[in-house]
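Presented below is the structure to which this report refers.
Excluded from the calculations below are hydrogen atoms, water molecules and symmetry mates; all remaining heavy atoms, backbone and side chain alike, are included. Quantities reported herein were computed from a predicted structural model and do not represent experimental measurements.
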Amino acid sequence: MTLQEEIVQLHEQIKKMEKLAVQRARRSAIGFGVVAITALISFVYGFVQLENAQRQQELAIQMERKALAAEENAILSRDKTEICQHELLKCLASRK
C-alpha cells in the first residue's frame with residue numbers, strides 16, 4: 001500500500017468518524033430538545049393548575065362566607081322563633 005492510498009484511507013476513516021460524531025450530536029440534540037419540550041409543557045401545565053387552584057380557593061372562601069352568613073341567619077331565625085314561642089306561651093298563660 002502506497003502512502004497516497006494510506007492517506008486516502010485515513011481521510012475516509014476520518015469522514016466516517018465525523019459522520020458518526022454528527023449523528024451522535026444530532027441524536028443528543030433531539031434528546032435534549034424532547035426533554036426541554038417536556039419540561040416546558042410540564043411548567044405550563046403546573047402554572048395552569050396553580051391558577052385553577054387559586055380560583056378554586058377563592059370560590060371556597062366565597063362559599064364559606066355565604067355558609068357563615070346563612071348560619072347566622074338561621075341562628076337569628078331560631079332566636080326569633082323562640083322569642084315568638086315564648087311570647088305566645090305568655091299570652092296563652094295570661095288568658096287562663
Side-chain angles (χ1 to χ4, degrees):
M1 185 180 264
T2 66
L3 182 62
Q4 183 96 15
E5 291 173 342
E6 286 182 24
I7 291 174
V8 169
Q9 189 180 19
L10 187 58
H11 279 298
E12 287 176 4
Q13 287 178 348
I14 290 172
K15 284 183 184 180
K16 285 181 184 178
M17 291 174 71
E18 286 175 347
K19 274 187 176 181
L20 288 174
V22 168
Q23 286 176 349
R24 278 190 217 115
R26 188 177 297 137
R27 287 182 192 141
S28 295
I30 290 170
F32 287 132
V34 168
V35 168
I37 289 170
T38 303
L40 184 61
I41 290 170
S42 297
F43 175 75
V44 170
Y45 179 75
F47 188 71
V48 168
Q49 290 302 315
L50 177 64
E51 287 182 0
N52 285 338
Q54 289 171 341
R55 257 188 265 125
Q56 292 297 323
Q57 183 181 22
E58 286 298 320
L59 287 173
I61 290 170
Q62 290 174 4
M63 296 293 280
E64 182 182 21
R65 287 180 183 149
K66 287 180 182 179
L68 289 173
E71 183 181 14
E72 286 178 21
N73 285 337
I75 290 170
L76 288 174
S77 293
R78 184 194 66 202
D79 290 347
K80 286 179 183 178
T81 302
E82 287 175 357
I83 290 170
C84 286
Q85 286 175 347
H86 183 70
E87 292 295 322
L88 181 61
L89 288 176
K90 272 185 179 178
C91 245
L92 290 175
S94 68
R95 285 187 180 177
K96 290 184 179 180

Kindly compute the distance separating [atom1] ([X]) from [atom2] ([Y]), expressed to the nearest 0.5 Å.
X: Lys19; Y: Lys16; atom1: NZ; atom2: NZ; value: 9.0 Å
X: Ser42; Y: Ile37; atom1: OG; atom2: CD1; value: 11.5 Å
X: Leu88; Y: Ile83; atom1: CG; atom2: CD1; value: 13.5 Å

Please report, to 0.1 Å, the donor-acceptor pairs under 3.5 Å made by any side chain of residues 59-70, with sequence neighbours excluded.
none

Report task. Please examine the side chains of Arg26 and Ile30, heavy atoms only from C-beta on, and report whether any two atoms are closer than 4.5 Å. Result -> yes
Requested in this report: Compare all side-chain heavy atoms of Arg55 with those of Asn52 and state whether any distance is below 4.5 angstrom.
Outcome: yes
Query - Sequence-distant partners of Glu12, side chain to side chain contact (heavy atoms under 4.5 Å, CB included), two or more places apart - result: Val8
Query raised in the report: Any chance CD of Gln4 has more than 12 other-residue heavy atoms, nucleotides or ligands included, within less than 6.0 Å?
Result: no
Query raised in the report: Looking at residues at least two apart in the chain, or sitting in another chain, which of them share a salt bridge (charged side-chain N to carboxylate O under 4.0 Å, His left out) with Arg78?
Result: Glu82
